[in-house]
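Everything below concerns the one structure shown next.
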Amino acid sequence: MSAITSDLALLLTGALLLLTVAAGSLSSRFGLPALFGFVTLGMLAGVDGPGGIAFDDFGLTQLVGTVCLVFILFSGGMDTAWKDVRRVATPALVLATFGVMVTSAIVAGAAVWLLGFAPSQGFLLGAVIASTDAAAVFAVLRASGLDLHGDVPALIEVESGSNDPMAIFLVGAAILFLADPQASPLALVPSFAVQMTLGALVGAGCGWLLPVILKRLPYRYGGLAFVIGVALVLVAYGAAQAVGGNGFLAAYVAGLVAGNRAFAAKHIVTTFQDALAWLAQVVMFLTLGLLVTPSNFGAVLWPGLAITLILMFVARPLSVFLCLLPFRRYDWRAKIFVSWAGLRGAVPIVLATFPMVAGVEGAFAIFNIVFFVVLLSSVIQGPTIGWVAGRLGVAKDTGSATRAPVN
């Protein structure tokens, strides 16, 4: 019986993955991001859907989400050209740090004022939802075929790949303050600096090491190059976390350094990492879809809609305009487009599992609100990015930009 159960489990897993990919492709035909199809199928397979799979393990979901995000960030780093990073490093880092803080503060204020949240709970919600999602932004920009003017696409991609550490830090700080209201915010500043510095150093070291290993060892041209690539990603994250650094930043920096070096197996490693990143997206969104209970959305419909509108039309634009104010090469059209391209995806949902695992009061409502906000963000912002680019004139070929599908 156990063998039959195992075989059936493998069959169902394979079928579910194939159906998830099909759902993502189908959603793209209607101009929706693929993540919408992935999550939708997960919800259909879940407890409220015809699949009836009862899954409520937030700890396992957090683990799956963390592993998947590490590979997504590494792949995003490998696909980012260093020449683009150098041009936009300063404004991107300002957006990835101060921009996240401004967005978090505005959302927190809205949660306290509109939803009646306690200040600590509002801060937690703002921190969870503040960062843009690298996977969603990378997928939309590349699949939409937008040919944007100047440094705008590089700015969006570098920001989305580097703002997760700040959001993770803020979420950790919020949970700490909820557990210990007497904790001092100023005491966390040195901790943040140490996390970012160590994460960047460990990531740079692992990214430099990958080509060295592939060059010196005899199996650099074989399939084991894939194994080495996976191992270095995990080492980058784990080593950074072990020494007190930020593992997500380490994964992104490792991909950035490795992707901008020349080595013999680079093409096959890059191709494999891209495929692995897509698999990670499928698994992550499918798991998140299984976790959520759509019947609970009724209780968070109006709160979720209010936070979505505040986020898209107030918090994100205000943070972008403030952070890019010193950088005169970005005019108001570019700033509006950067604001609109700040999609939310799996990162906020994964971060929303942290307070659930920590047993924070009100964490379940926060999780449902965040999930609702992410769905609305993907439905509203994803399909309209090409249209917005055309209307603002930030695309070189506005005609093709408005017709391009979003995957």
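Since the model is a prediction, treat every value here as computed from it, not as a measurement.
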Ser104 (side chain) donor-acceptor with Ala127 (main chain) under 3.5 angstrom: yes
So Leu375 and Met43, do their side chains get closer than 4.5 Å, heavy atoms only? yes
Which word best sums up how the rings of Phe58 and Phe364 line up, parallel for under 30°, tilted for 30 to 60°, or perpendicular for over 60°? perpendicular
Between Arg329 and Asp151, is any pair of side-chain heavy atoms under 4.5 Å apart? yes
A side-chain contact here means heavy atoms from C-beta on lying under 4.5 Å apart; do Leu114 and Ile310 qualify? yes
So Pro153 and Glu157, do their side chains get closer than 4.5 Å, heavy atoms only? no
Ring geometry between Phe367 and Phe371 (parallel below 30°, tilted from 30 to 60°, perpendicular above 60°): tilted
In terms of heavy-atom contacts, Pro317 and Ser339 come closest through CA-OG, 3.3 Å
So, Lys335 side chain and Val320 main chain: donor-acceptor pair closer than 3.5 Å or not? no
May I ask you to test the Leu41-Phe285 pair for a side-chain heavy-atom distance under 4.5 Å? no
Backbone of His267 reached by a side-chain donor or acceptor of Thr271 within 3.5 Å: yes
For Pro326, does its backbone N or O pair with a side-chain atom of Arg328 as donor and acceptor, under 3.5 Å? no
Any donor-acceptor N/O pair, Ser377 side chain to Val373 backbone, under 3.5 Å: no
Taking the side chain from Thr353 and the backbone from Val350, do they hold a donor-acceptor pair closer than 3.5 Å? yes
Ignoring hydrogens and geometry beyond distance, is a side-chain donor-acceptor pair present between Ser319 and Thr103 at under 3.5 Å? yes
Quick check against the 3.5 Å criterion: does Asn246 have a side-chain atom that pairs as donor or acceptor with the backbone of Gly199? no
Quick check: closest heavy atoms across Val202 and Ala239, and the distance to 0.1 Å? CG1-CB, 3.9 Å
Would you please indicate if the ring centroids of Tyr252 and Phe74 are separated by under 6.0 Å? no
Considering only heavy atoms from C-beta outward, does the side chain of Leu214 approach that of Ile228 to under 4.5 Å? yes
Is it true that a side-chain atom of Gln121 and a backbone atom of Glu361 form a donor plus acceptor pair closer than 3.5 Å? yes
Distance alone, cut at 3.5 Å: any donor-acceptor contact between the side chains of Thr384 and Trp340? yes
Carefully, step by step, assess Asp48 and Ser295 under the rule side chain to side chain donor-acceptor pair (under 3.5 Å). CA-CA 7 Å; Asp48 275 356; Ser295 59; 2.8 Å; yes
Measure up the Phe372 and Phe297 rings against each other and bin them: parallel (under 30°), tilted (30 to 60°), perpendicular (over 60°). perpendicular
Heavy-atom check, side chain of Pro91 versus side chain of Phe327, under 4.5 Å: yes
One pair to check against salt bridge (Lys or Arg N to Asp or Glu O under 4.0 Å): Glu159 and Arg316. What are the steps and the verdict? CA-CA 13 Å; Glu159 180 218 355; Arg316 171 66 178 177; 2.8 Å; yes
Looking at Leu210 and Gly229, what are the two nearest heavy atoms and their distance? CD1-CA, 4.0 Å
Flag, side chain of Asp56 to backbone of Val292, donor-acceptor distance under 3.5 Å: no
Would you say the side chain of Tyr330 lies within less than 4.5 Å of the side chain of Val338, judging by non-hydrogen atoms? no
